[in-house]
Colleague: 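Below: one structure in structure tokens.
We name chains A, B, ... by the order of the sequence lines, and we start the count at 1 in each one.
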Protein chains: 2
Amino acid sequence: MEHSQHSASLARAQSALSREEKLFELADLFRLFADSTRIRILYALSGGELCVGALSTLLSLEQSTVSHQLKVLRESRLVTYRREGKTNLYSLSDEHVSSILDAGFTHLLEEEEH
Amino acid sequence: MEHSQHSASLARAQSALSREEKLFELADLFRLFADSTRIRILYALSGGELCVGALSTLLSLEQSTVSHQLKVLRESRLVTYRREGKTNLYSLSDEHVSSILDAGFTHLLEEEEH
DNA sequence: CTTTCATATGAATATCCGTTCATATTATAT
DNA sequence: ATATAATATGAACGGATATTCATATGAAAG
């Protein structure tokens, strides 16, 4: 298994391995965006806070489905919520969520030009 | 109701709708980054082109595993390759891949500050 | 042409995880 | 206190998919 190619590219790749550990966390992060239900929820919330019922109606999803996925997003700190009477108003935790969505959109748009 | 305002609202609604439709494609895109094997491959390739065997050694993965995931990345056009003798040299298709990775890294780094 | 190295592919297994159904919790109103 | 509305949670089922093993393809050397 000799790779005569070595040298520059492999050396760079090996220095990249110093951040190898973070790549597993990164995969975990992207996994949150890898489901259409969650990404639709996140995008809906990018326009402002919404309650569970509104998300459910807006996205034509069962309340239980929305609630389960909100729990996932909550525990990974991508969304937060505040109580208001009987309803819970959810919103994005920070602007990084939107910037990750935007990076993906940019890729899709440029893909279409081919 | 004023015309210009109406068409402006309609335009926003339509663009919002088309974005909503793209969210399913966006989930598909992020799913490619949601696996540690694939993301490690992509990050390794961000340093320059590498052959299958080098990736396999570098990432301590079976050749078959690397090859299968490269096929996924190839078919989704995130990577390309060129033949050189018996080896296939893989590289990232474009710089958007790196920018998506960077957006994720940025989020992780700011997360750590808490 | 056959051997060897590099890579690709197919099939099978195992694990993960999103949805659903049923039920529990929490808050308000009567 | 009970009813009702909003949301959360638990368990189970089903579908997707990453890995492995075995084998096939392809390219170059002897």
Colleague: Nearest 0.5 Å please: distance from the CG atom of A:Leu32 over to the CG atom of A:Leu42.
Modeller: 8.0 Å
Colleague: Using atom CG of A:Leu61 as one end and atom C1' of C:dT20 as the other, report the distance to the nearest whole Å.
Modeller: 12 Å
Colleague: Please tell me which of B:Leu70 and A:Asp35 maps to the more 5' nucleotide of DNA chain C, matching each residue to the nucleotide holding its nearest heavy atom.
Modeller: B:Leu70
Colleague: Mind calculating the distance between CD (B:Glu84) and P (C:dT7) to the nearest angstrom?
Modeller: 11 Å
Colleague: To the nearest angstrom, how far is B:Phe33 atom CZ from D:dA18 atom C1'?
Modeller: 18 Å
Colleague: As an exercise, state the distance from CD1 of A:Ile100 to CD1 of B:Ile100, rounded to the nearest 0.5 Å.
Modeller: 10.5 Å
Colleague: Of the non-hydrogen atoms in A:Arg74 and A:Ser67, which two are nearest, and what is the gap between them?
Modeller: NH2-O, 4.3 Å
Colleague: So does B:Asn88 get a side-chain nitrogen or oxygen closer than 4.0 Å to the phosphate oxygens (OP1/OP2) of C:dA8?
Modeller: yes
Colleague: Centroid separation under 6.0 Å, is that true for the rings of B:Tyr43 and B:Phe33?
Modeller: no
Colleague: Hey, does the side-chain of A:Thr87 have a donor or acceptor N/O within less than 3.5 Å of a partner on the base of D:dT7?
Modeller: no
Colleague: Assuming nearest nucleotide by heavy-atom distance, tell me which of B:Val66 and A:Thr37 is located more 5' along DNA chain C.
Modeller: B:Val66
Colleague: I need the NZ-C1' distance between A:Lys71 and C:dC17, as an integer number of Å.
Modeller: 14 Å
Colleague: Between A:His68 and C:dT19, do the rings stack, that is, sit under 5.5 Å apart with planes less than 30° off each other?
Modeller: no
Colleague: Strictly below 4.0 Å, N to O, side chains only: are A:Lys22 and A:Glu20 in salt-bridge contact?
Modeller: no
Colleague: Can you tell me how far P of D:dA18 sits from CD1 of B:Ile41, to the nearest Å?
Modeller: 11 Å
Colleague: Reckon B:Arg74 has a side-chain N or O less than 4.0 Å from the OP1 or OP2 of C:dT9?
Modeller: yes
Colleague: To the side chain of A:Arg83, which of C:dC21, C:dT26, D:dA8 is closest?
Modeller: C:dT26
Colleague: Counting any heavy atom closer than 4.0 Å, what does B:Glu62 reach on the DNA or RNA strands: base, sugar-phosphate only, or nothing?
Modeller: sugar-phosphate
Colleague: Do the side chain of B:Gln63 and the base of C:dA6 come within less than 3.5 angstrom through a donor-acceptor pair of N or O atoms?
Modeller: no
Colleague: For A:Glu75 and C:dC17, give me the distance from atom CD to atom P, rounded to whole Å.
Modeller: 13 Å
Colleague: Whole angstroms only, please: what is the CZ-P distance between B:Arg31 and C:dC17?
Modeller: 12 Å
Colleague: Got B:Leu55 and B:Leu45 here, is their nearest side-chain heavy-atom distance under 4.5 Å?
Modeller: yes
Colleague: Given C:dT19, is OP1 or OP2 found less than 4.0 Å from the side-chain N or O atoms of A:Gln69?
Modeller: yes
Colleague: Nearest to the side chain of A:Lys86, which nucleotide is it out of D:dC21, D:dA5, C:dT20?
Modeller: D:dA5
Colleague: Of the nucleotides D:dT20, C:dG18, C:dA8, which has the atom closest to the B:Ser64 side chain?
Modeller: D:dT20
Colleague: Starting at CZ of B:Arg38 and ending at C1' of D:dA18, how long is that distance when rounded to a whole Å?
Modeller: 8 Å
Colleague: Regarding D:dT9, can its base be found pairing with the side chain of A:Ser67 as donor and acceptor, where the two atoms are less than 3.5 Å apart?
Modeller: no
Colleague: With a non-hydrogen cut-off below 4.0 angstrom, is B:Tyr90 in contact with a base, only sugar-phosphate, or nothing?
Modeller: sugar-phosphate
